[in-house]
Amino acid sequence: MTVRIGVIGTGAIGRDHARRINHVLGGAKIVALSDVNKASAEAVRQDIAPDAKVYDTGEELIASSDVDAVLVTSWGATHEQYVLAAIAAGKPCFCEKPLATTADGAKRIVDAEVSHGKRLVQVGFMRRYDAGYVALKQAVDSKIGAPIMVHAAHRNPTVPEQYVTPMAIHDTLIHEIDVFRWLLNDDYVSARVLFPRSSARSHAKLKDPQIVILETAKGTIINVEVFVNCHYGYDIQCEVVGEDGIARLPEPMAIQMRLGAKLQNEILTDWKDRFIASYDVELQDFIHAAAKGTASGPTSWDGYVAAITSDACVTAQDSEGDAVAINLPTRPSLYN
Ligand SMILES: NC(=O)c1ccc[n+]([C@@H]2O[C@H](COP(=O)([O-])OP(=O)(O)OC[C@H]3O[C@@H](n4cnc5c(N)ncnc54)[C@H](O)[C@@H]3O)[C@@H](O)[C@H]2O)c1
């Protein structure tokens with residue numbers, strides 16, 4: 001079966017996902033496109049999906065009998081309405097992060113999917129599909145003993161002036177928030193945020209770097225440095241300290257050079273290059289599940305927990321180092 005996919009939001013990531021579905025992956029085809037900027041959808045049709053139809057609205061695209069499954073890659077604030085419409089239509093839906101911009105919005109999606117009675121939503125937390133994180137999880141699950149601590153860092157070379165302190169959580173840390181729950185098979189109970197002095201490269205409305213400390217239900221302490229003006233590169237670090245040993249996320253493959261009396265490896269500077277292969281794997285997973293009328297991978301529940309945790313971290317940014325409790329509702333059995 002070829003899954004007929006409609007894309008809502010044909011900006012940077014929507015265009016790139018359309019390219020991988022039509023030119024890289026198997027089992028699916030882009031048949032429909034929609035964007036509030038119609039010219040953007042037309043351009044993707046012309047460049048990538050000449051047989052696709054451009055729809056005036058996302059709702060019309062979702063309702064079309066030509067569309068089997070939906071990709072929501074529009075701006076974050078519009079995700080909820082489209083995911084809810086896809087669930088109401090009973091169509092599998094891949095939604096880029098965030099699932100919704102509020103925890104209440106994410107909860108409405110969870111409730112709708114639970115009422116539907118079958119998984120339909122996959123959230124775009126692609127790190128779970130990264131070969132390095134998959135290898136790290138195998139080591140954490142079976143080699144290093146029970147996890148005690150995680151030391152991690154999320155560093156970007158630079159961010160624009162519009163990037164303000166809470167965005168370090170909602171836009172940047174959100175990937176760590178999801179991946180550590182998965183990696184440790186655990187949930188968070190509290191968050192703290194500490195600020196060292198701001199870097200000279202930071203902006204007026206951005207405290208950078210910051211250190212987020214998450215405590216889990218099993219008592220593991222995670223400390224993540226978020227440093228978005230680190231200047232030297234895009235660098236994701238993760239080390240899990242277990243009872244019997246330590247496991248580290250592998251560095252991205254890079255040629256080692258002996259050059260100019262130095263032993264050196266290049267460090268990436270663009271986040272898009274760091275997880276490029278994982279986007280292919282996550283969407284292929286979506287296509288396989290969509291062909292069976294369902295979804296796999298990161299769930300609406302994971303998107304909801306990420307939203308609750310993000311909110312707690314943002315509250316903790318203003319709590320002068322005090323811990324903010326993270327209270328999760330009971331997980332519906334659909335997500336066990
Ligand atoms: N998983 C990841 O690593 C990753 C990477 C990049 C972006 N994202 C997420 O993907 C989403 C899109 O990001 P982007 O970088 O492609 O942004 P973008 O601004 O390049 O593209 C978004 C597109 O959505 C369109 N749009 C806005 N409102 C709409 C609406 N109501 N209906 C239909 N289209 C609408 C815009 O016109 C634009 O073309 C964001 O939520 C972002 O957080 C995730």
Side-chain angles (χ1 to χ4, degrees), residues 6-21 30 32-49 52-64 67 70-86 93-102 105-106 109 121-130 132-133 154 156 159-160 162-163 166-179 182 228 234 236 252 268 270-283 285-286 297-298 302-303 306-307 310:
V7 181
I8 303 173
T10 51
I13 197 113
R15 167 180 275 267
D16 203 36
H17 284 341
R19 173 195 63 78
R20 48 177 57 88
I21 287 169
I30 302 295
L33 299 159
S34 182
D35 196 294
V36 280
N37 174 6
K38 206 167 177 183
S40 155
E42 285 290 355
V44 172
R45 187 183 65 73
Q46 198 172 324
D47 298 345
I48 297 169
K53 180 173 170 190
V54 172
Y55 288 78
D56 285 338
T57 67
E59 284 80 3
E60 285 171 57
L61 177 150
I62 291 165
S64 168
V67 171
V70 179
L71 250 56
V72 178
T73 48
S74 48
W75 292 331
T78 67
H79 291 180
E80 181 189 344
Q81 73 191 75
Y82 294 132
V83 176
L84 286 173
C93 175
F94 174 92
C95 178
E96 263 306 341
K97 61 87 186 162
L99 178 62
T101 45
T102 63
I109 292 172
V121 180
Q122 176 178 341
V123 183
F125 289 130
M126 76 294 175
R127 284 197 193 180
R128 296 181 183 210
Y129 294 93
D130 171 69
Y133 274 108
H154 188 146
N156 293 57
V159 289
Q162 311 88 275
Y163 186 108
M167 292 171 74
I169 306 296
H170 288 305
D171 286 21
T172 301
L173 187 77
I174 185 101
H175 286 293
E176 271 80 14
I177 286 174
D178 178 68
V179 88
W182 169 80
V228 293
Y234 181 73
I236 301 299
L268 295 172
D270 189 337
W271 60 266
K272 290 194 267 322
D273 298 329
R274 175 63 180 84
F275 292 106
I276 186 134
S278 61
Y279 293 114
D280 289 350
V281 187
E282 73 168 353
L283 277 183
D285 194 31
F286 175 70
D302 296 322
S310 296

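None of the values given here were measured: they were computed from a predicted structure. Just follow the structure's listing: the first ligand is 1, and inside any ligand the first atom is 1. Residue numbers start at 1 and run along the sequence shown.
Considering each of Asn37, Thr57, Val7, Asp35, the one bringing a non-hydrogen atom nearest atom 36 (C) of ligand 1 is Asp35. In the candidate list Glu282, Glu96, Lys272, Glu96 is nearest to atom 44 (C) of ligand 1, counting heavy atoms. Comparing Glu59, Lys97, Arg15 against atom 41 (O) of ligand 1, the shortest heavy-atom distance belongs to Lys97. Closest heavy-atom approach to atom 21 (O) of ligand 1 among the candidates Gly11, Gly58, Gly124: Gly11.
Here the side chain of Ser74 pairs no donor or acceptor atom with the backbone of Gly9 at under 3.5 angstrom. In this structure, Thr73 contributes its side chain and Ile13 its backbone to no donor-acceptor pair below 3.5 Å. In this structure, the side chain of Asp130 does not engage the main chain of Phe275 through any donor-acceptor pair within 3.5 Å.
Applying the 4.0 Å criterion to heavy atoms of Met126 picks out, from ligand 1, the atoms 1 (N), 3 (O). Atoms of ligand 1 lying under 4.0 Å from any heavy atom of His79, numbered from 1 in the order shown and given with element: 41 (O). Near Gly76, with a cut-off below 4.0 Å to any heavy atom, the atoms of ligand 1 are 41 (O). In the vicinity of Trp271, heavy-atom distances shorter than 4.0 Å reach the ligand 1 atoms 5 (C), 6 (C).
Checking only distances, Ala12 does come within under 3.5 Å of ligand 1, N or O to N or O. When only interatomic distances are considered, the shortest N/O to N/O separation between Ser34 and ligand 1 does not fall below 3.5 Å.
From the protein, the heavy atom lying nearest to atom 24 (O) of ligand 1 is Ser74 CA, 3.3 Å. At the shortest separation from atom 32 (N) of ligand 1 among protein heavy atoms lies Tyr82 OH, 2.7 Å. Protein heavy atom nearest atom 13 (O) of ligand 1, with residue, atom name and distance: Ile13 CG2, 4.0 Å. At the top of the distance list for atom 19 (O) of ligand 1, counting protein heavy atoms only, stands Trp75 NE1, 2.7 Å. In terms of protein heavy-atom proximity, atom 12 (C) of ligand 1 is closest to Thr73 O, 3.4 Å. Ranking protein heavy atoms by distance to atom 26 (N) of ligand 1, first place goes to Val36 CG2, 3.5 Å.
Side chain to side chain, Tyr55 and Ser64 meet the donor-acceptor criterion of an N or O pair below 3.5 Å. Checking Glu282 against Gln122 by side-chain atom types alone, no donor-acceptor pair falls below 3.5 Å. Defined by atom type and a distance below 3.5 Å, a donor-acceptor pair is missing between the side-chain atoms of Tyr279 and Asp16. Side-chain contact, Tyr133 with Ser278: no donor N or O sits under 3.5 Å from an acceptor N or O.
Residues Asp56 and Lys38 are paired through a salt bridge, judged by an N-O separation under 4.0 Å between the basic side chain and the carboxylate. Arg128 and Asp302 are joined by a salt bridge, as a carboxylate oxygen and a charged side-chain nitrogen come within less than 4.0 angstrom of each other.
To the nearest 0.5 Å, atom CG of residue Asp178 and atom CZ of residue Arg127 are 9.5 Å apart.
Of all the heavy atoms of Tyr279, the ones lying under 4.0 Å from any atom of ligand 1 belong exclusively to the side chain. Within the 4.0 Å heavy-atom criterion, neither part of Phe125 lies near ligand 1. Neither the backbone nor the side chain of Phe275 comes within 4.0 Å of ligand 1, counting heavy atoms alone.
The distance between the ring centers of Phe94 and His17 falls below 6.0 angstrom.
Heavy atoms only, all atoms of each residue included: Ala32 and Ala52 are closest at N-CB, 3.9 Å.
Residue-ligand proximity: Pro98 is placed with a non-hydrogen atom under 4.0 Å from ligand 1.
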